[in-house]
Each structure stands twice: as C-alpha cells, then as structure tokens.
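Have a look at the structure below before the remarks.
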Amino acid sequence: MELSGGEIIVQCLKDEGVEHVFGYPGGAVLHIYDAIFKQKDVKHILVRHEQAAGHAADGYARATGKPGVMLVTSGPGATNAVTGIATAFMDSIPMVVLTGQVPTPVIGSDAFQEVDTVGITRPCVKHNFLVKRLEDLAETIKKAFYIATTGRPGPVVIDIPKDITDPGIKIPYNYPSQVKMRSYNPVVKGHLGQIKKAVKIMMEAERPVFYTGGGVVLDDAAKPLTDLVDTLGFPITQTLMGLGAYPGSGKHFLGMLGMHGTYEANMAMHETDVLIAVGARFDDRITGHVKQFCPDATIIHIDIDPSSISKNVRVDIPIVGPVKQVLRDMLKVVDEGEMNPKKQALKQWWEQIEKWRSMDCLKYDQTSDLIKPQQAIEVLHKVTKGDAFVTSDVGQHQMFAAQFYHFDKPRRWINSGGLGTMGFGLPAAMGVQMAFPRAEVAVVTGESSIQMCIQELATCLQYELPIKIILLNNGCMGMVRQWQEFFYESRYSQSGMGVTPDFVKLTESYGHVGMRVEKTKDLEGAMKEAFSYKDRLVFLDVVVDPTENVYPMIAAGKGHHEMYLSPGSELV
Amino acid sequence: MRHIISILMENESGALARVANLFTARGYNIESLTVAPTEDQSLSRMTLVTRGSDEIIEQITKQLNKLIDVVKLVDLTEGGHLEREMMLIKLRAERIQREEIKRLVDIFRGKIIDVTDTSYTVELTGAASKLNAFVEAVNEELIIEVVRTGPSGIGRGPKGLGL
C-alpha cells in the first residue's frame with residue numbers, strides 16, 4: 001500500500017486504535033486534514049481554540065486510560081496548544097500531539113506561521129520529534145504512542161513539516177507492530193526484596209498511613225490498592241490527583257490531604273510512624289514545609305519514576321516499578337501471612353484518628369439562605385448518585401468538589417492538579433463525553449475559570465455533548481480573594497471581575513439551556529431539573545455566598561499540624 | 001562537590017539542547033560541557049562537569065537518565081578516572097619573551113602550533129589544574145586569547161561505557 005504523508009498519519013492513527021482526534025486546521029496541516037476528510041474511521045472534533053483541543057484530548061485520556069490525540073497547525077496553533085500540553089505533562093497524562101510545521105526547506109527562515117515548536121515544547125513534554133524524512137513518519141508515530149503510554153506517561157509532540165505530508169509523494173506504508181528503543185526501557189517490575197522489606201516495616205508499624213496519588217489512577221491500580229488497604233486495616237489519605245482510587249466512602253479513607261486536606265488526614269500524616277506513599281510525588285501542596293513533613297515516619301515510596309524518589313523528601317525504602325504490579329506483589333507477600341499487622345497498636349491509632357475526625361473539619365453553615373458552594377457540590381453528588389464524571393477548573397470550586405464529591409471510582413475526578421490550569425474543565429468534559437456519550441458528565445467551575453474556554457460551548461452544540469456545567473458563581477476569583485483576605489489584609493487587588501456576562505443568555509445564544517439559582521431552598525430542584533435534560537447541555541449558574549472560603553487550610557510553608565480550620569480560627 | 005558525568009546519548013539534533021534545557025529548567029549549574037560523536041556515528045559522548053550536594057547530583061543523574069535520548073551515563077567521580085582538557089592560548093611573544101615562553105611551554109609539555117613575529121599560539125593538554133597553572137605562570141599582560149575545551153573524562157581500567 002503506497003500512501004502520502006498525510007494519509008500515513010491517518011492510517012497510523014487507525015492502526016493505533018485511535019477513534020477521536022481533537023484539533024483545529026490551518027495552513028501547515030491542510031494535507032493532513034484532506035486525508036482526514038477522505039475517511040470515516042478517525043473522527044475529528046473541531047474545537048474553537050487549540051488550548052481546548054489539548055484539554056479535550058487530556059480529559060479523554062484521563063477518563064479512558066487511552067492516549068488522547070490532538071492535531072494543530074504550526075505557529076499560533078502550536079503555541080496555543082502549549083497550555084494543554086503542559087497541563088498534561090504536569091499530571092503525567094498520555095497524549096500524542098501532532099503539530100504542523102512549515103515545509104523543511106524554509107524552516108529557520110522566519111516563514112509565515114513558523115515557530116520552533118520542538119524548542120518551545122521541550123520543557124513540557126515527555127519527548128518530542130521533528131520528522132525530517134517521510135520514511136521516518138510511521139515509525140516516529142509508533143514511538144510517540146509507545147513513549148506516551150509506557151513508564152510514567154506523558155505528552156509526546158510530533159512536529160510535521162508540510163512537505164512531509166505532500167499528497168503527491170507516496171511511499172509504501174508499513175506500521176511497525178512494536179518498537180524497541182535502546183535509550184528507553186521503563187521498569188516493568190518492582191524489586192521483590194524491597195517489597196518484602198517494605199511489608200516487614202508495614203507489619204511493625206503502630207501508626208501507619210497510606211498516602212496515594214495520581215499514579216494509582218494512571219496505572220489502573222485501584223483494585224490492588226483497595227484490597228491491600230482493607231486487608232491491612234490501615235488508614236489511607238489520597239492526593240487531589242489520587243481521589244477515587246480508594247473509594248471516598250470507604251471506611252479506611254481519611255479524606256484528601258495537603259493544603260486543603262482534612263484535619264484527620266493531615267494530623268495522621270504528621271503523627272505517622274510508617275508512611276506508604278504510592279504513585280505520589282511529594283508535591284509542595286502536599287508536604288507543606290518539607291522539614292516538618294512526617295517528622296517521625298519511615299517512608300516507603302512506590303513509583304514508576306526513579307526521579308520522583310527522594311526528590312523533595314528523603315525516602316527510606318524506595319520501590320521503583322509499576323504501581324499496580326508492585327501492589328499486587330505486596331498483597332501476595334501479605335497474604336502469605338508470615339507476619340500480621342499490630343492489632344492493638346492499630347486500634348489505638350484508629351481511636352486517635354476518630355478523635356481528629358470528630359472535629360468535623362469540613363462542617364459549614366447549612367442554615368444560610370445564601371447557597372454555600374459546599375452545599376452545591378453535596379447536592380450535585382446526591383442528584384448524580386455520586387456516579388458522574390466530574391471535571392473542574394482551578395480554584396475554590398475545585399477544592400470544594402474534591403472535598404465534597406466523595407469519589408468512589410477512579411478516573412471520575414478530572415482536574416488539572418499540577419499545572420492548575422483555569423479553563424481546563426469544559427474542554428476536558430468534552431473529551432470525557434466523547435468517550436462516554438451516555439455518561440453523566442459535570443463541570444464544576446467558577447465564573448472566572450469558565451470564561452477562559454467559554455467558546456467551547458459551540459463545540460458542545462456541534463457534537464451534541466450533553467454536559468452539565470455547574471458554575472459556583474461568587475463574583476470573584478475565589479481562591480485569589482481568599483489568599484488576599486488571609487495574607488494581604490483583605491486588599492482585593494484585581495480579584496473581582498466587576499463585569500461578568502449573563503451566563504443564562506450567553507448559554508442560550510450558543511443554543512443550550514441556561515438556568516440560574518440563587519436560594520438554598522431552590523438548589524436541589526434546580527440541580528434535578530438540570531440533569532433531567534438528558535440530551536442537552538445545561539449551564540446552571542449557582543449564585544453562591546461570595547465570602548465563603550476553603551477550609552481547612554495549611555498556609556504555604558507550614559507543617560501539617562498547623563491548620564486553619566474555620567473562619568476566624570487560630571492555627572491548631 | 002564537583003562531579004564529572006559522562007553521558008552516552010543518541011546522536012540526534014536536539015539531544016544537546018535537552019540536556020542544557022534540563023539544567024536551566026531545574027536550576028542546576030553546568031561548569032563545562034563537551035560533546036562529540038563516538039566511533040558509532042549514531043551515538044554521542046558528552047562529558048559534563050557540575051557541582052552540587054549528593055542529593056542534587058542524585059537528582060541530576062536521575063533526570064538525565066529520564067531523557068529519552070540518554071542511553072547510559074556514569075558519574076566518573078564515583079571511581080578512578082582520568083580527565084583531560086585541551087587549551088589553545090595565544091600569547092604576545094616579542095624579543096626576550098620568546099625564549100622565556102618557549103621554556104615555559106616545554107616545562108608544561110605543551111606545543112607551539114602557530115608563530116608570528118609578535119605571537120605564539122600554544123596547545124596544552126592536561127587536567128584542568130595543569131592548564132590553570134600554566135595560565136597563572138604566564139604574565140597576564142601577554143595573554144591575547146584563551147580557548148579551553150572543558151574536560152573530557154574516562155574511567156580507569158578495562159571497562160568502558162558502551163551499549
């Protein structure tokens with residue numbers, strides 16, 4: 001079979017099993033778009049801004065576990081895509097990004113719509129390629145998928161000059177069934193000796209705690225994690241990225257940890273003697289002040305990426321390997337039953353934890369006539385029976401969703417944890433809804449975040465995506481305002497929008513259903529009504545108490561035991 | 001502490017930039033860096049000199065290993081190794097200075113590789129400390145230009161860094 005470069009790209013995507021490509025055409029990718037036009041297997045979703053193509057492919061990948069694919073043109077197409085790529089990179093999301101480039105003879109001449117895409121994206125990709133010969137194209141695409149999806153996943157960019165996709169030049173097509181790279185050999189198995197050593201320490205623990213992150217979700221290791229935690233009877237806390245791997249309603253779950261984690265989770269971290277970190281990277285929002293982090297703990301760390309180990313916090317027992325396989329092996333060692341957990345000590349540990357839990361650190365005023373954002377999330381949970389895919393943007397609403405939705409399944413909570421990208425939620429939800437057309441998909445957002453990719457409402461109509469947008473409208477950039485209130489003596493510099501559109505009318509003008517709710521008593525009815533539109537996108541503008549803040553809170557640079565628990569409270 | 005890291009990497013465009021990028025992005029310092037293809041044209045060998053605490057060096061080697069283009073690397077400082085650097089130094093050499101410079105070049109086992117009525121260009125190879133010593137031994141006013149390659153390194157003994 002002889003194919004042109006453009007046709008090779010489309011054929012490679014088919015052979016790779018890709019069903020959806022999120023993209024936006026332009027000069028340098030016209031040949032590729034022509035090849036897309038001539039077939040039906042690979043469906044192209046036309047976004048309204050390249051950033052959204054990135055987030056949509058990313059959301060698709062997070063929800064399905066399959067690599068997301070996007071296609072953009074050279075120059076501004078590529079630069080607009082960078083935010084999407086960096087977002088995926090920070091959260092280790094497998095993505096293949098095809099970017100057009102000016103023809104090879106004019107590269108470097110400051111040609112129209114030329115940028116050094118490989119140079120610009122280098123710091124925010126797992127790897128990138130510039131294809132210089134048509135003969136290399138198919139193998140490069142194979143390598144890109146291989147690199148993106150193996151080891152610690154991440155986005156891979158393939159920059160393709162226009163002449164490479166010339167329809168007039170055809171070569172025999174041959175998609176390699178596998179690829180070997182001498183310089184890239186991700187670890188496939190954790191060291192059994194280390195695993196046994198870790199289990200021994202876990203069995204001797206008196207105040208153990210599991211601290212698990214996005215790696216568990218990425219490696220589909222929820223089952224062995226849940227089994228291991230329940231078998232041992234240890235408490236577990238999860239990071240923002242890890243939520244849902246161990247069920248939020250599970251009896252050993254302490255809630256999220258970190259800057260806006262629960263009192264019991266953070267206190268358990270502070271007091272633990274054996275910390276079992278799984279697929280988590282000791283990010284600064286988790287550790288707080290590194291010197292005060294888990295002061296008494298022997299730390300076990302399971303991670304696929306050796307460079308994650310002892311990067312921010314010194315680890316005692318490192319286990320480099322795929323989380324799922326290591327947890328399975330660990331479970332086997334535990335089941336062989338040569339040692340048992342210290343029952344009496346664990347009982348005391350749980351009693352201590354229950355004391356912390358009784359502080360009820362997530363409580364909020366439920367009598368207010370003004371809708372509390374926490375309540376909006378709780379109602380969302382109730383109406384969707386806790387089973388929706390929830391994407392979010394970045395800020396207070398994101399933290400409320402993480403704290404109050406209680407995710408019971410992995411891959412249901414989809415948010416930009418590492419880069420913290422406002423504008424992520426709506427396009428990510430498009431990716432999720434494309435993958436699961438009949439699932440309930442909700443975007444929890446704020447009126448600032450949603451405006452960063454609001455244009456995608458048009459995409460949602462075009463592809464009939466019945467997403468439900470739950471806007472927690474407090475009239476300001478809530479998290480910025482919260483920090484200004486706490487740390488800048490309430491000088492609210494530029495955190496109020498002043499002007500926001502009438503979201504109901506805006507939504508209607510895009511052809512969707514717009515709704516607004518302002519009173520607590522109307523909240524549940526409105527939420528139910530929103531979700532009753534099975535085939536329509538509904539934008540529910542929930543007017544919430546503008547003064548509400550996210551608690552608990554550990555101020556940047558403080559230890560886990562130093563939290564603000566409620567308005568006006570001292571550090572505890 | 002000073003470390004010499006020797007890296008075997010794919011001889012591809014952009015590979016050098018990936019290493020340099022990594023150092024700037026993560027705030028590590030590079031004292032010197034030399035790179036050239038090996039006997040296998042598909043591979044380049046890079047010698048990189050850096051400084052940092054044990055933790056930082058550990059991170060540097062891990063982050064380098066993570067780069068897809070890096071095939072293998074070794075921290076030469078961990079074992080016996082040899083280091084050589086080459087310097088080309090152009091000196092003002094007139095009348096009585098000519099004899100004196102020549103003597104100095106002989107003492108340091110260097111070579112004069114270009115001569116004019118008023119200058120010598122000297123080639124000198126050795127450990128960085130030897131090159132420093134030569135620069136210090138020459139009257140500063142005589143120095144016109146100094147070009148140094150930065151050290152290249154290799155481990156002692158029969159073992160090599162290969163595929």
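On a predicted model such as this, the values are computed, not experimentally measured, just so you know. A note on names: the letters A, B, ... follow the listed sequences, proteins ahead of strands, and every chain is numbered from 1.
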Given that the side chain runs from C-beta out, which part of B/Ala17 has a heavy atom under 4.5 Å from chain A: side chain, backbone, both or neither?
-> both
Polar contact flag, side-chain donor to acceptor under 3.5 angstrom, A/Thr99-A/Asp159 = yes
Go through the atoms of B/Glu12 and report whether side chain, backbone, both or neither lie under 4.5 Å from a heavy atom of chain A.
-> neither
Which bit of A/Asp305 is near chain B, if near means a heavy-atom gap under 4.5 Å: side chain, backbone, both or neither?
-> side chain
Is it the backbone or the side chain of B/Leu22 that comes under 4.5 Å from a heavy atom of chain A, or both, or neither?
-> neither
Run the ring-centre check on A/Phe282 versus A/His301 and record whether the distance is less than 6.0 Å.
-> yes
Indicate whether the side chain of B/Thr77 and that of B/Asp75 have a donor and an acceptor atom separated by less than 3.5 Å.
-> yes
By a 4.5 Å heavy-atom criterion (distance strictly below it), what part of B/Asp69 contacts chain A: side chain, backbone, both, or neither?
-> both
Return the option, out of B/Arg18, B/Met9, B/Gln63, with the maximum number of heavy-atom pairs under 4.5 Å with chain A.
-> B/Arg18
Would you kindly say whether A/Asp163 and A/Thr104 are connected by a side-chain donor-acceptor distance under 3.5 Å?
-> yes
Side chain, backbone, both or neither: which part of B/Thr61 has an atom under 4.5 Å from a heavy atom of chain A?
-> neither
Do NZ/NE/NH1/NH2 and the carboxylate oxygens of B/Glu10 and A/Arg182 come within less than 4.0 Å?
-> yes
Quick one: what part of A/Leu130 sits under 4.5 Å from any heavy atom of chain B, side chain, backbone, both or neither?
-> neither
Apply side chain to side chain contact (heavy atoms under 4.5 Å, CB included) to B/Ser13 and A/Lys132, showing your working.
-> CA-CA 11 Å; B/Ser13 70; A/Lys132 288 183 187 152; 3.4 Å; yes
